[in-house]
S.K.: 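First the structure, then my questions, so here it is.
A, B, ... follow the sequence lines: proteins, then strands. Residue 1 opens every chain. If you're wondering where the values come from, they're calculated on a predicted model, not measured in any experiment.
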Amino acid sequence: MMDASGNRWTPGGHGWGVGNKSEHDLWARSLKGDGEAFGVLFDRHHPVVFRRALYLVGERSAAEDVVATAFLELWRRRDAVRVVDGSVLAWLLVTTTNVSRNIRRGTRRYRALLERLPRLEPGPDAAEVYFSAGPPQDDELVAALGALRERDLQIITLVVLEGFSIADAAQVLGLTPNAAKVRLHRARARLRERLAGHPEALRRLTSEEGVSS
Amino acid sequence: MSDSMDPLFAASLRQELVEKVRTTKRRRRGWRIGGAMAGVVLAGTGAAAVATNQSPIPGTDQVQVVKAGAPIDGTGTRTVDLGQAPKGATDVEVVLICRSSGPYSVVGVFSGTCSDVDAQKANVVSFWKPVRIGDNRLTVKADPGARWTLTASFSKRTRTKFGVNADGKTFGADTDEGTPDLVAVDNGQVKGYVYAKDLEEPMPRNPAEAAHWNETHGGRRVIPVYTSDGHTVIGHFVID
């Protein structure tokens, strides 16, 4: 898929180099009031943000609300956004974990807007609690993630589930790389502890960890 | 079963975001507008157009009021009819004074929060709205009983050109139409110009460099502020 600047991109891709130059420009243009540039950022990142939200809240319309809130917050808090490697994705993912933790509180500010946006398939669908597509999910893993403290979930999301480097995660979370490393180590230990009785969920998590070092 | 967003929801959300970014661009000091104010205040990004009696910062708009509006006092949510735009008017400058604290919005152009202090001091926010044929109404949304005053003036805005100094460097405001070599800044203590290249955050080239910068700079940078000649230093800006 091509974005407006003609650069090839991959959802969730965050390698170093020229790839993010275009995003740096998109963000700079957005800050100057270029709505379409922000629209391209939305096109670029909403699939990854949606997938992550779905993983955390397990229900489609709620995940859509989380995505909307994350992007609205990206704009509302634009002066405080930490841009990592020219990209706002890491910041969006941290916001996504925060909003997902308490969706009612997190989306309250935008409730009127969220209710106004039309949907083809309105309303939460109880049958769609879990999805076959996207990352593998099971009760134990979703429950274990849900039981993590917010700051642990943030770093697990960035490094373990999305494959950001520790340095990138540290930057967006406002930590030194060493502090991030320690936090990640502890968060992983807590997650493993919670999954101790569920070897299958642990195996799935470990296979996802293959993307990180 | 689906692993992607409802396409209608996604398309509507995208449209909403594009419009939000487009219409909330122009900000000035005043109430808290959707969160923190920028660490660096770039002078003349739209707001400078308010200063009709001063020569504008190069690159900003020269504003000529075509028809000054009369203050309209309102309560709660109300739609105001501005009447037909006079000939030559390109934009409407809307000034909103909050007289009660609480959330306020003007549909399509502004949303913000008025604090108790803002209400006591009758602080204002102002913003611009392009004149559009058939679109001459403004809806203010506020809590029931919240008191406000709105003034809408029709104006003609004309974009001025960047200045050029003796070195051939352009200077002026950073606008949506371009960035000069020297960008006008104003942090309330010093008014001058900073080099656009200094303002741009240098990007680390690899994770190790990013980690090093994070540790050594702590995210803060200090850049010099010059007069428009680009040589005379008159102060410094701290960028957090």
S.K.: Say whether A:Asn98 and A:Glu73, considering side chains only, have a donor N or O and an acceptor N or O under 3.5 Å apart.
M.R.: no
S.K.: Given heavy-atom pairs under 4.5 angstrom as the criterion, report whether the side chain, backbone, both or neither of A:Phe71 touches chain B.
M.R.: both
S.K.: Can you tell me which portion of B:Glu16 sits under 4.5 Å from chain A's heavy atoms? Options are side chain, backbone, both or neither.
M.R.: side chain
S.K.: Are A:Glu23 and A:Arg29 close enough for a salt bridge, meaning some N to O gap below 4.0 Å?
M.R.: no
S.K.: Can a salt bridge be assigned to the pair B:Arg14 and A:Asp43 using a cut-off of 4.0 Å between side-chain N and carboxylate O?
M.R.: yes
S.K.: Only one of A:Leu92, A:Thr95, A:Val88, A:Val172 passes side chain to side chain contact (heavy atoms under 4.5 Å, CB included) with A:Val81; say which it is.
M.R.: A:Val88
S.K.: Give, as side chain, backbone, both or neither, the part of A:Leu113 having an atom under 4.5 angstrom from any heavy atom of chain B.
M.R.: side chain
